[in-house]
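Shown next, in structure tokens, is the structure this report addresses.
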Number of protein chains: 2
Amino acid sequence: MKKKPELPERSFKLTLEYDGAAFFGFQRQPGKRTVQSELEKALSKLFNRRTKIKAASGRTDTGVHAVHQVVHIRAVTVLPARRIQAGLNYYLPQEAAVREVTEVPSDFHARFSAKSKVYEYRIWNDPVRSPLRARHFLHVPRPLDVAAMKSAAKIFIGKHDFSAFCSTNSAVRDPVRRIHSFKIVKRGPEIILRVRANGFLYHMVRNLAGALIEAGYGRLKPEDLKRFLAARSRKNAFFNAPAHGLSLIDVTY
Amino acid sequence: MKKKPELPERSFKLTLEYDGAAFFGFQRQPGKRTVQSELEKALSKLFNRRTKIKAASGRTDTGVHAVHQVVHIRAVTVLPARRIQAGLNYYLPQEAAVREVTEVPSDFHARFSAKSKVYEYRIWNDPVRSPLRARHFLHVPRPLDVAAMKSAAKIFIGKHDFSAFCSTNSAVRDPVRRIHSFKIVKRGPEIILRVRANGFLYHMVRNLAGALIEAGYGRLKPEDLKRFLAARSRKNAFFNAPAHGLSLIDVTY
């Protein structure tokens, strides 16, 4: 006879920070150290039963960092949220941490409830590499025209079919996304691209960053980007800027 | 018969950046990967003859980072400074880079000509660790009283015998140093200690950082620090804050 659980299942929202260099991306993969597999190991130890995450706001690729990634779990437990956080941080490797745990209604979904996400792409624009930034910045030795990058970024703001900026091996039913803002900030040789959208296609931020770097070189004009965007062809897939410059910064609900 | 060099020896000042986590400190050590040994390997390859550095502004310990370390070399070469820089960056490992090369008069000395040096000690003061800051910040989970730290830091400003803040295994003839400024800046959970002095004793910044952390806990008052400073006893050596939070930021000449 199957025993009924004595306690109701509860839902929790977990906010994670991790160093992308230490994992083979977010998603579970057999035999690889991924954020999901390490988190599920920690959850299973803490709750003393096999526990999986229900969903993440999105999967980050190998090398992509997260300042603020969100997942949700369900668990039968009497532990308060802060004890769950402390327990997970005890079991997780040093390169990942649970920054916040909050109990949420059972209909909360880390991916489907997300209203917007923010990514940052970081560029070190200097002839000489910066060893202290090597893990989090793309080194671009040739000077970039930041004004040209800003003009080009404006093209992307608003609701568009971003098929041209999606890697070809992805199959998305709806390639339309709305970019709320696209800010470019220069602080000395650091150039930070900060984009907020209601969602992103596969490799979209890295393709957009690649296109803006081309714009910064003067090789692509805003008109070219407009044309590519309108063509919606994945064959035009852009220079996919390397993963290590990319960080997931925020998810809002 | 010994051949005379056809060209005069020239002196160069090299400014280096390196990630302390990648090296066993600055100073050459047999069989260890140090900044000095990697730089001397690169110099010897570039000049096609065994070339050593003449001096560094100071030696950084294992794990200590440098945004701006200065060394000087002498070499018989026709290469302009920027070609020397490019050549060294080609041969150096990715975790180190020569940020600047300038030709200097033959009496320039990286250590003895230095007027002041600036170090930063970085603290992540939050109950939860920050994986993205793990390599450059000391994680202090308990809340620190930054106002108390600022009051305590004022004690150190000026000319003092810093024997009490020097690790015991060092033998310095003159333990008097002048601290020009000691700034403490809090940005959210980040606390940055920034100290400028005409020089530092062995482990001095890490001992000062340790003392200020104790002050931030409320365990040491400014009067205690005054008393320790006056006692000049190395037996009082303080909590030596870990190396990875420390960065050499600037050297002025």
Side-chain angles (χ1 to χ4, degrees), chain A residues 14-23 35 38-39 42 60 63-69 81-101 120 122 124 126-139 141 188-190 244-249, chain B residues 14-23 33 35 38-39 60 63-69 81-101 120 122 124 126-139 141 188-190 244-249:
Chain A
L14 276 55
T15 306
L16 305 175
E17 176 180 336
Y18 48 83
D19 183 344
F23 302 95
V35 178
E38 293 300 319
L39 181 57
T60 52
V64 176
H65 312 288
V67 172
H68 185 117
Q69 163 73 293
R82 47 182 299 170
R83 293 296 310 139
I84 294 174
Q85 183 186 13
L88 292 177
N89 282 329
Y90 176 79
Y91 290 121
L92 278 173
Q94 292 297 309
E95 298 93 343
V98 177
R99 299 222 45 91
E100 205 180 2
V101 175
E120 264 186 19
R122 295 175 191 163
W124 175 248
D126 192 89
V128 183
R129 65 176 174 266
S130 172
L132 289 166
R133 289 178 188 82
R135 290 164 78 91
H136 303 288
F137 284 75
L138 173 68
H139 180 210
E190 293 185 0
H244 72 275
L246 186 62
S247 300
L248 174 56
I249 298 293
Chain B
L14 277 53
T15 306
L16 304 175
E17 175 181 336
Y18 48 82
D19 183 344
F23 302 95
R33 188 188 202 239
V35 178
E38 293 299 320
L39 181 58
T60 53
V64 176
H65 312 288
V67 172
H68 185 117
Q69 162 74 293
R82 47 180 300 169
R83 291 298 309 139
I84 294 174
Q85 183 186 13
L88 291 176
N89 283 328
Y90 176 79
Y91 289 120
L92 277 172
Q94 291 298 307
E95 296 92 344
V98 178
R99 299 221 44 90
E100 206 178 0
V101 175
E120 265 186 18
R122 296 177 190 161
W124 175 247
D126 191 88
V128 183
R129 66 176 173 264
S130 172
L132 290 166
R133 290 179 187 81
R135 290 164 77 91
H136 304 287
F137 284 76
L138 173 68
H139 180 208
E190 293 185 2
H244 72 275
L246 186 62
S247 300
L248 174 55
I249 298 293

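In this text the structure is predicted, and so the values were computed from the model without any measurement. Per chain, numbering begins at 1; letters A, B, ... match sequence-line order.
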Report summary line: In this structure, CZ of B:Phe137 is separated from CG of B:Leu132 (nearest 0.5 Å) by 11.0 Å

Query raised in the report: Does atom CZ of B:Arg82 have more than 12 heavy-atom neighbours, drawn from other residues, nucleotides or ligands, at distances under 6.0 Å?
Result: no

Report task. Among the options A:Arg135, A:Glu100, A:Arg129, pick out the one with the most heavy-atom pairs lying under 4.5 Å from chain B. Result -> A:Arg129

Requested in this report: Go through the atoms of A:Val67 and report whether side chain, backbone, both or neither lie under 4.5 Å from a heavy atom of chain B.
Outcome: both

Query raised in the report: Do A:Glu17 and B:Ser130 get their side chains close enough for a donor-acceptor pair, meaning under 3.5 Å?
Result: yes

**Report entry** Leading residue by heavy atom contact count with chain B [cutoff under 4.5 Å; candidates A:His139, A:Arg99, A:Glu95, A:His65]
**Finding:** A:Arg99

Query raised in the report: Between A:Glu190 and A:Arg133, does at least one N-O distance fall below 4.0 Å, as a salt bridge requires?
Result: yes

Report task. Pick one of side chain, backbone, both or neither for B:Ala134, based on which atoms fall under 4.5 Å of a heavy atom in chain A. Result -> neither

Query raised in the report: Is chain A contacted by the side chain of B:Leu92, its backbone, both, or neither, given a heavy-atom distance below 4.5 Å?
Result: both

Report task. Identify which part of B:Ala66 has an atom lying under 4.5 Å from any heavy atom of chain A, answering side chain, backbone, both or neither. Result -> backbone

Requested in this report: Check each atom of A:Ser247 against the heavy atoms of chain B and say whether the ones under 4.5 Å are side chain, backbone, both or neither.
Outcome: neither

**Report entry** Any side-chain heavy-atom pair of A:Gln69 and A:Thr15 under 4.5 Å
**Finding:** no

Requested in this report: Can you tell which part of A:Pro93 gets under 4.5 Å to a heavy atom of chain B, answering side chain, backbone, both or neither?
Outcome: backbone

Query - A:Leu14/A:Leu88 under side-chain contact (heavy atoms from CB on, under 4.5 Å): CA gap, chis, key distance, verdict - result: CA-CA 10 Å; A:Leu14 276 55; A:Leu88 292 177; 3.7 Å; yes

